Protein chains: 2
Amino acid sequence: MIHQRECPVETLIHVLGGKWKPMILWHLIESKKRFNDLEKLIPDVSQKMLSQHLRDLEREGIVDRTVYPAIPPKVEYSLSEYGRTLIPVAEVMCVWGENHNKRKYEEPAS
Amino acid sequence: MIHQRECPVETLIHVLGGKWKPMILWHLIESKKRFNDLEKLIPDVSQKMLSQHLRDLEREGIVDRTVYPAIPPKVEYSLSEYGRTLIPVAEVMCVWGENHNKRKYEEPAS
DNA sequence: TCATCCCCTTACTTTTTAGTAAGTGCATTA
DNA sequence: TAATGCACTTACTAAAAAGTAAGGGGATGA
């Protein structure tokens, strides 16, 4: 039975690969956030992209969305239990990325 | 001194994020390959994308390109020493990605 | 009464990425 | 003489991702 639609590395890249997704997750690691909070924390993101990426992450099970029936609306986004399994992966990626940036921008002559 | 142009997770995604890059690297882990070999190993890639991705990876220092002055031309691509530092990162990504694919395609009811 | 707050969605445009098809150069092979 | 092999590049088209701007709905505060 073949269920694997793509290379697993690509799968992860697809999950994390939106322009703002790493930033969104970064902020959600710290604590749950409201839509408005994320807008302020990620100054250049548009509402459209923020909601699109949040929906993507929700669909993948990474992010939980909690709606409080109130007016004005209140919605909270948080990293799901499953989403937390991404943290160590992101850390490894981060270390490599940091080193790569250093290599590119700090030691161009090496 | 601020040299960091982007979030390091994005940096890595950018390096690995072309449609065929993970596949290219996967094949180069095993052994060096010629352009032609890669074309055969990755059946759906076009020559244009293959050479573009190889040039990207070369520019980032991941892949070494060796030209043998012969006719017909002979060019070999291999993972650089530096490129090998990506292997453990890719492994971690792979494990998460495999699990995610399983979750999506094998246990949709959970 | 009007603006404000919150959490979005929709329509449209621009930018980025990928795909398609054809062409290049030179030696060897048929 | 013509086709083949290798490693590409170029011009053009299509598809995907992102950006921009505007709207909506209903309570609350000025």
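From a predicted model like this one, the values you see are computed outputs, not experimental measurements. Quick note on labels: first sequence line is chain A, next is B, and so on, each numbered from 1.
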Whether A:Tyr77 and A:Phe35 hold their rings parallel, tilted or perpendicular, with breakpoints at 30° and 60°: tilted
Counterpart residues, salt bridge (charged side-chain N to carboxylate O under 4.0 Å, His left out), relative to B:Glu10 (two or more places apart): none
Partner set under salt bridge (charged side-chain N to carboxylate O under 4.0 Å, His left out) for A:Lys48, not counting sequence neighbours: none
Pairs involving residues 77-86 of chain A, ordered by first then second residue, that meet salt bridge (Lys or Arg N to Asp or Glu O under 4.0 Å) (sequence neighbours left out): none
Protein-nucleotide distance (A:Ile42, atom CD1; D:dG19, atom P), rounded to Å: 12 Å
Strand contacts (DNA chain C) in residues 49-59 of chain B, 4.0 angstrom heavy-atom criterion: B:Met49, B:His53
Only pairs under 3.5 Å count here: list side-chain donor-acceptor contacts from residues 13-31 of chain A, not counting sequence neighbours, and write none if there are none.
residue : atom : partner : partner atom : Å
A:Lys21 : NZ   : A:Asp56 : OD2          : 3.3
A:Ser31 : OG   : A:Lys33 : NZ           : 2.8

Candidate nucleotides D:dA18, D:dT10, D:dA27, ranked by approach to the side chain of B:Lys48 - the nearest: D:dT10
Partner set under side chain to side chain contact (heavy atoms under 4.5 Å, CB included) for A:Asn36, not counting sequence neighbours: A:Glu39, A:Lys40
Those residues that, when tested against B:Thr85, pass side chain to side chain donor-acceptor pair (under 3.5 Å) (two or more places apart): A:Trp96
A:Ser78: partners by side chain to side chain donor-acceptor pair (under 3.5 Å), with sequence neighbours left out: none
Members of residues 14-22 of chain B that approach DNA chain C, where some heavy atom sits under 4.0 Å away: B:Gly18, B:Lys19, B:Trp20
Side chain to side chain donor-acceptor pair (under 3.5 Å) partners for B:Glu76, two or more places apart: B:Tyr68
Just the atom pairs and distances: protein N or O near nucleotides 5-7 of chain C's N or O, under 3.5 Å.
residue : atom : partner : partner atom : Å
C:dC6   : OP2  : A:Asn36 : ND2          : 3.0
C:dC6   : O5'  : A:Asn36 : ND2          : 3.2
C:dC6   : O3'  : A:Arg34 : NH2          : 3.1
C:dC6   : O3'  : A:Pro73 : O            : 3.0
C:dC7   : OP1  : A:Arg34 : NE           : 2.9
C:dC7   : OP1  : A:Arg34 : NH2          : 2.9
C:dC7   : OP1  : A:Val75 : N            : 3.2
C:dC7   : OP2  : A:Asn36 : N            : 3.2

Summary of salt bridge (Lys or Arg N to Asp or Glu O under 4.0 Å) pairs that have at least one residue in residues 87-97 of chain B, sequence neighbours excluded: none
